[in-house]
There are 2 protein chains.
Amino acid sequence: MKTRSPRAPTRLPTKFRILNASERLFAERGYEGVSLRDIARDADVEVALVSYHFGAKQELFRHVIARRSAEHADRVLAALERERLEAPTGVPSLDRIIFAFCSGSFELARLPDAGWKHYLQLIARSAMSPVNTPALKPLNSAYGPVVRRYCEALRQAAPRLRDGDLYTAFYWIQSIVQRMVAETGILDRQSRGLCRSGDYESHLTRLVPFAAAGITALIPARTPRRKPTTAPPGIRSQ
Amino acid sequence: MKTRSPRAPTRLPTKFRILNASERLFAERGYEGVSLRDIARDADVEVALVSYHFGAKQELFRHVIARRSAEHADRVLAALERERLEAPTGVPSLDRIIFAFCSGSFELARLPDAGWKHYLQLIARSAMSPVNTPALKPLNSAYGPVVRRYCEALRQAAPRLRDGDLYTAFYWIQSIVQRMVAETGILDRQSRGLCRSGDYESHLTRLVPFAAAGITALIPARTPRRKPTTAPPGIRSQ
DNA sequence: GTCTATAATGAGATAGAC
DNA sequence: GTCTATCTCATTATAGAC
């Protein structure tokens with residue numbers, strides 16, 4: 001009776017089917033919102049095979065993350081390296097650093113393979129959890145270098161930016177990028193259809209000047225000789 | 001045997017205990033990550049009482065949202081109204097609009113009553129879900145007016161800003177505010193303790209100039225007679 | 001309003017035949 | 001590698017005594 005797409009000419013190997021289904025469902029409903037039975041049904045596979053191939057549910061989740069995290073991190077880092085090579089001084093401008101960071105993810109989000117989109121939705125969701133979700137530890141080790149290298153680049157591009165401002169601003173850019181690739185549909189609704197979640201060209205051409213100008217506004221004024229009126233020098237933009 | 005904090009001098013009514021526990025746990029682990037038993041244990045109440053007072057789990061969730069959403073929305077709207085009254089022209093500047101929007105939530109996040117923090121974490125988490133989580137419908141109706149009024153205010157403050165840029169930029173500010181009040185601890189770790197999630201004074205004094213300059217950078221150049229060199233003039237802050 | 005008890009379902013995981 | 005069958009436990013929800 002229960003034949004699974006009979007005579008499917010090209011049926012992916014079971015492990016792949018399970019990983020793809022897990023990726024999609026975890027992204028949509030979160031780790032606890034998905035049962036192994038949901039995954040097996042979506043993958044058109046017997047329930048027992050999920051445990052057979054991946055062990056416990058948490059291990060399955062780890063595999064879903066591990067399959068793409070290194071490639072994603074490498075890609076975002078490579079985009080920065082490219083900017084370094086193309087910059088005459090070897091120090092890319094704020095614009096270019098932000099461009100590299102955003103496009104590294106945006107390009108994956110709009111690939112025809114929806115798997116990347118699901119993966120990005122999944123990590124965006126995991127990074128919003130205020131408690132240690134099972135995803136956080138592997139994500140931290142995979143993306144730690146990305147954060148470090150980008151913050152170093154920002155430091156070189158804006159040497160007078162304060163440390164706290166630098167880390168916070170980079171965190172905000174992360175927050176924006178993650179929420180864009182999450183494609184929640186909220187932007188579409190709030191703009192009454194004028195903006196579309198999947199329009200990454202528009203997002204990129206807006207986000208680069210937005211964030212670059214935002215960071216620039218946080219750079220303190222250069223060596224104020226006269227004592228400032230009330231606030232410490234350059235606390236409010238300019 | 002199973003006495004619940006015997007002789008507690010002031011024990012909140014059961015309905016409140018259940019709501020508070022639900023709010024906290026839903027925020028930490030998400031809707032599906034929490035069982036009614038978890039909630040009953042945390043509230044120090046019998047499991048059956050949860051169903052008795054609130055019916056099904058989804059109804060309980062709805063009550064958790066409904067308890068605070070109207071007050072939150074009102075507060076954020078009132079902050080904008082205050083700026084309107086204080087502005088000489090009746091049209092607050094970009095800075096002041098952004099200040100009103102952010103401080104309306106930040107002030108609640110740092111109240112001694114941790115309930116507000118949990119509520120804000122909960123809606124931040126819900127707003128990251130790429131699929132219709134049970135929270136989204138009530139949240140949309142509660143916060144729809146907030147989005148509308150703030151976008152109108154931005155439109156007045158920056159009349160030449162394009163519609164798409166306006167909605168997108170406001171969405172980004174929302175994204176930042178929500179991730180800050182979620183207090184995931186990620187910023188703290190990435191900055192190696194230099195920035196603290198709970199330091200809303202710093203967040204506010206950084207976010208206002210950052211976002212105002214970011215939006216300003218998106219305003220098209222005024223009637224450019226000569227073709228701009230590379231970037232449109234006025235791309236950097238105000 | 002509160003508690004005990006239980007019904008009904010679904011969960012994760014494993015054993016063993018093929 | 002795959003499938004059937006099953007174990008054990010936790011889940012939501014309700015019924016009924018107090």
Side-chain angles (χ1 to χ4, degrees), chain A residues 1-65 67 122 131-135, chain B residues 1-26 28-65 67 133-135:
Chain A
M1 260 341 115
K2 200 205 292 178
T3 111
R4 11 159 239 201
S5 51
R7 288 291 133 247
T10 55
R11 182 180 161 92
L12 283 177
T14 300
K15 283 184 89 159
F16 274 58
R17 302 180 63 79
I18 294 172
L19 279 178
N20 291 341
S22 307
E23 188 171 60
R24 193 172 77 79
L25 293 177
F26 283 147
E28 282 178 1
R29 308 184 207 160
Y31 178 76
E32 288 96 348
V34 179
S35 70
L36 297 184
R37 299 174 137 74
D38 294 333
I39 292 170
R41 198 180 313 119
D42 196 81
D44 190 22
V45 148
E46 286 304 319
V47 210
L49 289 183
V50 180
S51 305
Y52 172 76
H53 284 288
F54 296 98
K57 190 181 177 186
Q58 285 238 6
E59 285 301 294
L60 169 61
F61 190 89
R62 269 198 48 253
H63 276 88
V64 170
I65 300 287
R67 177 166 63 148
L122 176 52
V131 86
N132 275 357
T133 190
Chain B
M1 253 354 103
K2 200 205 296 178
T3 110
R4 13 159 237 202
S5 53
R7 288 291 133 248
T10 55
R11 184 181 160 90
L12 284 176
T14 300
K15 284 183 89 159
F16 274 58
R17 302 180 63 80
I18 295 173
L19 279 178
N20 291 340
S22 307
E23 188 171 60
R24 192 172 78 78
L25 294 176
F26 283 148
E28 282 178 2
R29 309 184 207 159
Y31 178 76
E32 287 96 348
V34 179
S35 70
L36 297 183
R37 300 174 130 72
D38 295 333
I39 292 170
R41 198 179 315 118
D42 196 82
D44 190 22
V45 149
E46 285 303 319
V47 210
L49 289 183
V50 180
S51 304
Y52 171 76
H53 283 288
F54 296 99
K57 190 181 177 186
Q58 285 237 6
E59 285 300 294
L60 169 62
F61 190 90
R62 269 199 48 254
H63 276 89
V64 170
I65 299 288
R67 177 165 65 149
T133 191

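Since we're looking at a predicted model, the values are computed, not measured. Sequence lines set the chain letters: A, B, ... in the order given, protein chains first and strands last, and positions in each chain run from 1.
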d(CD, B:Glu59; P, D:dA13) in whole Å: 10 Å

Rounded distance (Å) that lies between atom P of C:dG1 and atom CZ of B:Arg11: 14 Å

For DNA chain D, the residues among residues 21-31 of chain A that have a non-hydrogen atom under 4.0 Å from it: none

Distance (rounded to the nearest 0.5 Å) between A:Leu25 CG and A:Arg41 CZ: 9.5 Å

Nearest heavy-atom neighbours spanning A:Leu122 and A:Ala27: N-CB, 3.9 Å

Between C1' of D:dT4 and CD of A:Glu46, the distance in whole Å: 8 Å

Nearest-0.5 Å distance, CD1 of residue B:Ile65 to CG of residue B:Leu60: 10.5 Å

Lys/Arg-Asp/Glu bridge criterion (N-O < 4.0 Å) met for A:Arg17, A:Asp42: no

Protein proximity profile, nucleotides 11-18 of chain C - base contact B, sugar-phosphate-only contact S, no contact -, cut-off 4.0 Å on heavy atoms: BBSB----

Atom-to-atom span, CG of A:Leu12 to P of D:dG1 - whole angstrom: 14 Å

For residues 48-57 of chain A, please give each side-chain donor-acceptor pair under 3.5 Å, one per line with the distance, not counting sequence neighbours.
from, atom 1, to, atom 2, distance (Å)
A:Lys57, NZ, A:Tyr31, O, 3.1
A:Lys57, NZ, A:Val34, O, 2.7

Contact under 4.0 Å: B:Thr14 side-chain N or O vs C:dT2 OP1/OP2: yes

Pairwise side-chain contact, A:Asn20 with A:Arg67, heavy-atom cut-off 4.5 Å (strictly under): yes

Euclidean distance, atom CG of residue B:Leu60 to atom C1' of D:dT14 [Å, nearest integer]: 17 Å

Stepwise side chain to side chain contact (heavy atoms under 4.5 Å, CB included) check, A:Asp44 with A:Arg11: CA-CA 11 Å; A:Asp44 190 22; A:Arg11 182 180 161 92; 3.4 Å; yes

Side chain to side chain, B:Val47 and B:Ile39, heavy atoms closer than 4.5 Å: no

Nearest-Å distance for atom pair CD/C1', residues A:Glu32 and D:dT11: 14 Å

